[in-house]
Amino acid sequence: MKTIFLLLLVSILIIGCDTAGTQTDGSSRQKVEKNISSRDRSINSSNSYSDLFMDSTAMEKFIQQKKVPDSIAIRMRSFYNTRNYQFAWFSSDGLTEQARGFWNLHDYVTTYDADSSLKNKTLQKKMDELIAEDELSVSASDKSFLNTELILTEHFIMYMLHNYEKGFVKRKEMERFIPRKKEDPLKLADSLINKKHKDDKYFEDVNQSYSALKDQLGRYADIAKKGGWPEISTTKKIFKKGMSLPEIAVIKKRLQISGDLPGNDTSSVFNDTLEVGVKNFQERHGYKTTGKISDSLIKEMNVPVSKRVEQILMNMDRMRWLASQPKGNLIVVNIPEFVLHLYEGKQKVFDIDVVVGKEGHNTMMFNGDLNQVVFCPYWNVPPSIVRKEILPEMDKHPNYLARQDMEITGEENGLPVIRQRPGEKNALGRVKFLFPNSFNIYLHDTPVKSLFEKDKRAYSHGCIRLKEPEKLANYVLRNQPEWTPDKIEEAMNAGDQKFVKVKDPIPVVITYYTAWVDEKGQLNFRDDIYGHDENLAGKMFQ
């Protein structure tokens, strides 16, 4: 009996200890669970942003094997819960746009932040390989892609915690930086416009470009809710000042709604006021400000406001991946705008019109450092151009190479290695600017100046042609006394290739914004020349 009593006493003590332990752990668990978003099981293969999903145990295994710190692991669980364990950085056809945007940001930070904890040579090599691939086929069961997906998420969380002051990017907001599922554009706009934070800290406070576009989102969402603007029906090709037609009254109403035409003129006469409104619209949409209304301009006016709301939302998403404005110089090339902008800190120094890659020869989005100027460059013709363009011409015309001032310097993979000598016919003109990258893209002069007269300038094989290369050369070499404007002009016309190392390399960022607010406070729109908006809209919106 005494033995039974002792056994019962020990059992009670053990149970008591376990219960006490459970209560303590439960309290900790409740605190942890409060910081983890609930799993959103409404996301499935029919409405998800990405078409790839992982098993939650795969993430847990990654956390355990990589010994991910608890502060990051908790956020990773929360991040994937809100996505229902859908991939963020890959879909079956390759890297998502957000993956490319974040990687450009990651690359920029690891280059210019000496203390960055994000540096990872293995990840760098892997991402360089993936981004350089023209076509990718991704499987969720492929351990390499799954591992890269989870490392990118780990780095994303580390970046957000390290680079933003506490409060400006809330945990739940960070989890929605990468779209999770198809949403109604107006409901998404409302959720962004009407959110309120108790601490009065918002992401737009630390991202000026995002903030300016968000203000315009509210205005355009309001226009959409009120019925949008009228569609202009006409068979006429051009409207000019002095004409009187019923369509002109409709055009005036359209421009008044978008804020391009002041006042409330409802007449059918193409007067001075309408000319001002047309010029405003042309400037905001990348046309020469002629004041004349063409059929292409009517087509631009007839883009529904609902599509403009989507366009603003997509470009707000892209602007999330902007790095903080650097203290020094920065070159930004916006592909759909066909313009290079050069900044000193937040101050713009000048713009240069550019020609970018035509469809099928897209200019890629990436970051680099302009570190060399090459005067009178040889053009080393890419193998793809040799195969598709030069060899057929050589078959037709035996003296083609001589006429184009080209020469064969060797053979590689069964193709002749061809280069074009410096001179008037050289496709790179008199100077090129190098910023090393895996896409073989650079800035350069061109002997074909007529293309700069066009509003839409996508004609190159991927490199970026400059309207005023001498202006850029003078600026880039301004801190090198031996390179005076006269010396630069002389080198550009010498006929001999010369490499010049840039004393202070300048960061170059190649971007793709089809909607943004300029320094005048005007909302700009541009054509989606590579179909990136179309692809993104299909994934983001219902």
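Sequence positions, counted from 1, serve as the residue numbers for this chain. Computed from a prediction, not measured in an experiment: that's the story for all the values here.
- In this structure, I43 and F53 have side chains that are in contact, with non-hydrogen atoms separated by less than 4.5 Å.
- Side-chain contact between W103 and L95 is absent, with no heavy atoms from C-beta onward closer than 4.5 Å.
- Applying the salt bridge (Lys or Arg N to Asp or Glu O under 4.0 Å) rule to pairs touching residues 121-133 yields nothing, sequence neighbours excluded.
- With respect to E97 and R318, a salt bridge is recorded, a charged nitrogen being found less than 4.0 Å from a carboxylate O.
- Remark: Y210 engages F203 in a ring-ring contact (aromatic ring centres under 6.0 Å, His included) (not counting sequence neighbours).
- Ring pair F145/F90 is perpendicular by interplanar angle, where above 60° counts as perpendicular and below 30° as parallel.
- Applying the salt bridge (Lys or Arg N to Asp or Glu O under 4.0 Å) test to pairs two or more places apart or on separate chains, those with a residue in residues 348-357 are K348-D351, K348-E519, D353-R457.
- Considering CG of L466 and CG of D445, their distance stands at 7.5 Å, rounded to 0.5 Å.
- Residues satisfying the salt bridge (charged side-chain N to carboxylate O under 4.0 Å, His left out) criterion with D93, sequence neighbours excluded, are absent altogether.
- Other residues, nucleotides and ligands contribute only 12 or fewer heavy atoms inside 6.0 Å of the NZ atom of K187.
- Under the 3.5 Å distance criterion, the side-chain polar atoms of K456 are left unmatched by any main-chain donor or acceptor of G286.
- A side-chain donor-acceptor contact under 3.5 Å links Q86 to the backbone of R180.
- Looking only at distances, a side-chain donor or acceptor of D51 sits under 3.5 Å from a matching main-chain atom of S92.
- Under the rule for a ring-ring contact (aromatic ring centres under 6.0 Å, His included), the partners of F375 that lie at least two apart in sequence or sit in another chain are W483.
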**Prompt:** Run the side chain to side chain contact (heavy atoms under 4.5 Å, CB included) check on L472 and L342 step by step: do they pass?
**Reply:** CA-CA 9 Å; L472 185 60; L342 194 144; 3.9 Å; yes
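- Side chain of R176 to backbone of K172: a donor-acceptor contact under 3.5 angstrom is found.
- Nearest heavy-atom pair across P336 and T511 is CD-O, 4.2 Å.
- For the 3.5 Å distance criterion, the side chains of Y80 and N84 fail to qualify, holding no donor opposite an acceptor.
- In this structure, the side chain of R284 engages the main chain of L523 through a donor-acceptor pair within 3.5 Å.
- Here Y159 and H106 keep their ring centres 6.0 angstrom or further from each other.
- Between the side chain of E468 and the main chain of I352, no donor-acceptor pair closer than 3.5 Å is present.
- The backbone N or O of I72 lies less than 3.5 Å from no partner atom in the side chain of E154, so there is not a single donor-acceptor pair.
- Side chains of L192 and L217 form a contact here, defined as non-hydrogen atoms less than 4.5 Å apart.
- For residues 523-542, the set of pairs meeting the ring pair (Phe, Tyr, Trp, His ring centres under 6.0 Å) definition, not counting sequence neighbours, comprises Y220-F525, H285-F525, Y512-Y530, Y512-H532, Y530-H532.
- No more than 12 heavy atoms of other residues, nucleotides or ligands sit less than 6.0 Å from atom CD of Q347.
- Side chains of F435 and I331 form no contact here, defined as non-hydrogen atoms less than 4.5 Å apart.
- Take K498 and apply the salt bridge (charged side-chain N to carboxylate O under 4.0 Å, His left out) test, not counting sequence neighbours, and it matches no residue.
- Taking all atoms of both residues into account, the shortest heavy-atom contact from I193 to A221 is CD1-CB, 4.3 Å.
- A distance of 9.0 Å separates CG of L130 from CG of L123, quoted to the nearest 0.5 Å.
- Between T514 and D528, the side chains place no donor N or O within less than 3.5 Å of an acceptor N or O (distance only, hydrogens not considered).
- When all heavy atoms of K181 and D40 are compared, the closest pair comes out as NZ-OD2, 3.7 Å.
- The salt bridge (charged side-chain N to carboxylate O under 4.0 Å, His left out) test applied to D107 returns no partner, not counting sequence neighbours.
- In this structure, Q542 places its CD atom where more than 12 heavy-atom neighbours from other residues, nucleotides or ligands lie under 6.0 Å away.
- No side-chain donor-acceptor contact under 3.5 Å links Y513 and S209.
- Under 4.0 Å is where a charged nitrogen must lie from a carboxylate oxygen, and between K307 and D533 no such pair does.
- Distance alone, capped at 3.5 Å, is enough to place a donor-acceptor pair between the S460 side chain and the V356 backbone.
- At a threshold of 4.5 Å between non-hydrogen side-chain atoms, the residues F366 and I131 do not count as touching.
- Side-chain N/O atoms of Y442 and Q372 include no donor and acceptor closer than 3.5 Å.
- For the atom pair OG1 (T110) and CG (N367), the distance works out to 9.5 Å, reported to the nearest 0.5 Å.
- Formation of a donor-acceptor pair under 3.5 Å by the N47 side chain with backbone atoms of N44 is found in this model.
- In this structure, W321 and F177 have side chains that are in contact, with non-hydrogen atoms separated by less than 4.5 Å.
- Heavy-atom minimum distance, M364 versus I441: N-CD1, 3.5 Å.
- Judged by distance alone, with hydrogens and angles left aside, the side-chain atoms of T82 form no donor-acceptor pair with the main-chain N or O of S78 at under 3.5 Å.
- Two residues are said to be in side-chain contact when any heavy atoms from C-beta on lie closer than 4.5 Å; I335 and R526 fail this criterion.
- Rounded to the nearest 0.5 angstrom, Q311 CD and Q216 CD are separated by 12.5 Å.
- In this structure, CG in L213 is found 6.0 Å from CD1 in I312, a value given to the nearest 0.5 Å.
- Residues forming a salt bridge (charged side-chain N to carboxylate O under 4.0 Å, His left out) with E300 (at least two apart in sequence, or on another chain): R308.
- Interatomic distance, Y49 OH to Q98 CD, rounded to the nearest 0.5 Å: 3.5 Å.
- For N535, the side chain to side chain contact (heavy atoms under 4.5 Å, CB included) partners at least two apart in sequence or on another chain are K539.
- Applying the salt bridge (Lys or Arg N to Asp or Glu O under 4.0 Å) definition to pairs two or more places apart or across chains, those involving residues 208-225 are D190-K225, E204-K214, D222-K226.
- Annotation: salt bridge (Lys or Arg N to Asp or Glu O under 4.0 Å) contacts involving residues 66-90, sequence neighbours excluded, comprise E60-R77.
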**Request:** List the steps, then state whether side chain to side chain contact (heavy atoms under 4.5 Å, CB included) holds for C463 with K432.
**Result:** CA-CA 10 Å; C463 286; K432 70 176 179 179; over 6 Å; no
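- Of all the heavy atoms in V355 and Y459, the pair that sits closest is CG1-N, 3.8 Å.
- With a 4.5 Å cut-off on side-chain heavy atoms, N524 and Q522 count as touching.
- In this structure, A58 and L146 approach most closely via the heavy-atom pair CB-CD2, 3.7 Å.
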